[in-house]
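Notes to accompany the following structure.
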Amino acid sequence: EDCTITPHVNENFGSVQELVTAAHEADPCVAELVEKRRLCHIIHGNDADYGFLVDPKRCIMVASSKLGRPRGKNRSLVDLMSISCIVLKATGDWMKEAYREFEETWNAEGNALIFEAAKTPVFDSCCPRVRAVAAFILGSDVFEKGVPGTGPAELYNLMTQLRADGREESEVAAELQSYAARKLNMTELEVGTFVEALLCVPVNTVDDAEERKYLYPDEVPSEWQMYLKEYAGASVRCVDDLAMKTCAGAVTNGRHPFMACEGHSVCSKCNQ
């Protein structure tokens, strides 16, 4: 018999605790639920942003899942909401232990639990800056093309070598940042600003007070570049040490500044 669904609780007793709107970006706000509030231990999704936003020892990322198998007009809402297969993708010995604990609770008949260990665990560090620099190198929302010629395998080998030399994770982050700057012919300040654009997105909701809150306060710079002014808040001092350009936004209706080091060309539609 089908279950009755209320507006807030589904038939599997899942619930929507609160609907919130991020003031800036949603991903850091979701990550904050895991990092600070501990409201969940699993993120279901294949968005690579969570790889660097969330401490890998605090959350399991479910890469994919399949709904219940029943087909036809007689299938119930319970069948539709039931997950019959979960694929976990993560790394490290700690993950194997977490996998075993999760497997013990995932014992319903007919279910499948698949563990896929990453071959190149570049986001396995507990240092958020290491993960953010890795994301920048591979390509991310702030710099989509990443560092040419440096894929996950090359990056993982470089990280492994740096750690084999006895470096602390903060030193690994600094070395990776220098590596990216050399490869891209950028200054370390330019690369560092891109990395901070990943790490320092406020996690405020639209209902929060004006004071900015951050996922990793220790990574927030004491002096912000103008490129990040939107994230800095009204009372924070910003400096203008970077060469900037302005996109006219004629096609997207979105006039915005960008760093000159990103490269640019004249728009074929507006000639700007």
Side-chain angles (χ1 to χ4, degrees), residues 18-40 43-56 58-59 61 122-123 125-147 169-170 173 176-177 180 186 188-242 244 246-247 249 252 254-259 261-262:
E18 182 183 4
L19 181 63
V20 297
T21 302
H24 295 274
E25 296 180 25
D27 289 345
C29 291
V30 173
E32 195 250 356
L33 296 178
V34 177
E35 283 289 320
K36 301 293 175 63
R37 304 188 203 180
R38 304 289 193 273
L39 291 187
C40 64
I43 292 178
H44 188 298
N46 57 7
D47 191 330
D49 285 355
Y50 295 120
F52 75 85
L53 284 172
V54 180
D55 186 328
R58 292 179 180 165
C59 182
M61 185 169 177
V122 295
F123 296 127
S125 175
C126 289
C127 173
R129 197 168 191 91
V130 170
R131 301 195 303 268
V133 178
F136 171 80
I137 290 173
L138 295 178
S140 59
D141 290 345
V142 300
F143 194 72
E144 292 184 1
K145 55 189 175 184
V147 175
E169 288 299 279
S170 59
L176 291 177
Q177 191 166 304
M186 292 183 184
E188 292 208 27
L189 177 60
E190 289 167 338
V191 173
T193 301
F194 279 123
V195 172
E196 286 163 2
L198 291 171
L199 279 178
C200 301
V201 181
V203 295
N204 300 71
T205 66
V206 292
D207 298 322
D208 282 343
E210 280 298 311
E211 183 180 355
R212 295 287 195 263
K213 297 186 298 184
Y214 301 95
L215 184 60
Y216 297 109
D218 291 343
E219 298 293 339
V220 173
S222 57
E223 197 172 65
W224 293 72
Q225 292 298 320
M226 288 295 293
Y227 178 74
L228 300 173
K229 182 178 179 180
E230 180 185 353
Y231 296 163
S235 62
V236 179
R237 180 173 179 266
C238 294
V239 295
D240 196 4
D241 294 333
L242 299 171
M244 303 292 293
T246 300
C247 173
T252 61
R255 184 179 179 86
H256 63 275
F258 64 94
M259 281 194 268
C261 63
E262 295 183 60

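We count residues from 1, following the sequence as given. These numbers were taken from a predicted model, which means no experiment stands behind them.
The environment of CD in Glu223 is crowded: more than 12 heavy-atom neighbours from other residues, nucleotides or ligands sit within 6.0 Å.
With contacts defined as side-chain heavy-atom distances shorter than 4.5 Å, the pair Leu138/Val122 qualifies. Looking only at side-chain heavy atoms (C-beta outward), Gln225 and Leu189 come within less than 4.5 Å of each other. Phe136 is listed as a side-chain neighbour of Val191, based on a closest heavy-atom distance under 4.5 Å.
Using bins of under 30°, 30° to 60° and over 60° for the plane-to-plane angle, the ring pair Tyr231/His24 lands in the perpendicular bin. In this pair, Phe194 and Tyr227 present their aromatic rings perpendicular. The plane angle is above 60°, beyond the 30 to 60° band.
Side chain of Asn204 to main chain of Ala22: no donor-acceptor pair is present (N/O by atom type, distance under 3.5 Å, no hydrogens or angles).
Here the CZ atom belonging to Phe52 is positioned 4.5 Å from the CG atom belonging to Leu198, to the nearest 0.5 angstrom. Atom OG of Ser222 and atom CZ of Arg237 lie 9.5 Å apart (nearest 0.5 Å). Interatomic distance, Ile137 CD1 to Gln177 CD, rounded to the nearest 0.5 Å: 9.0 Å. Glu219 contributes atom CD, which lies 6.0 Å from atom SG of Cys127 (distance to the nearest 0.5 angstrom).
The two atoms that bring Phe123 and Ala135 nearest to each other are CE2-N, 3.8 Å, heavy atoms only. Ala31 and Leu215 make their closest contact through CB-CD2, 3.9 Å (heavy atoms, listed as atom of the first residue, atom of the second, distance). Shown here for Val195 and Ala132, the closest heavy-atom pair between the two residues is CG1-CB, 3.8 Å. Considering all non-hydrogen atoms of both residues, Pro128 and Cys126 come closest at CD-O, 3.4 Å. Closest approach of Ala197 to Val142, counting heavy atoms only: CB-CG1, 3.7 Å. The minimum heavy-atom distance linking Leu53 with Pro28 is given by the pair CD1-N, 3.9 Å.
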Problem - Chi angles and distances behind the side-chain contact (heavy atoms from CB on, under 4.5 Å) call for Leu228, Thr193 - result: CA-CA 8 Å; Leu228 300 173; Thr193 301; 4.1 Å; yes
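In summary, the side chains of Glu32 and Tyr216 do not present any donor paired with an acceptor at a separation below 3.5 Å, with no hydrogens or angles considered. Using a 3.5 Å distance cut-off with no hydrogens or angles, the side chains of Glu169 and Ser125 do pair a donor with an acceptor.
A salt bridge links Arg129 with Glu196: the closest approach of a Lys/Arg side-chain nitrogen to an acidic carboxylate oxygen falls below 4.0 angstrom.
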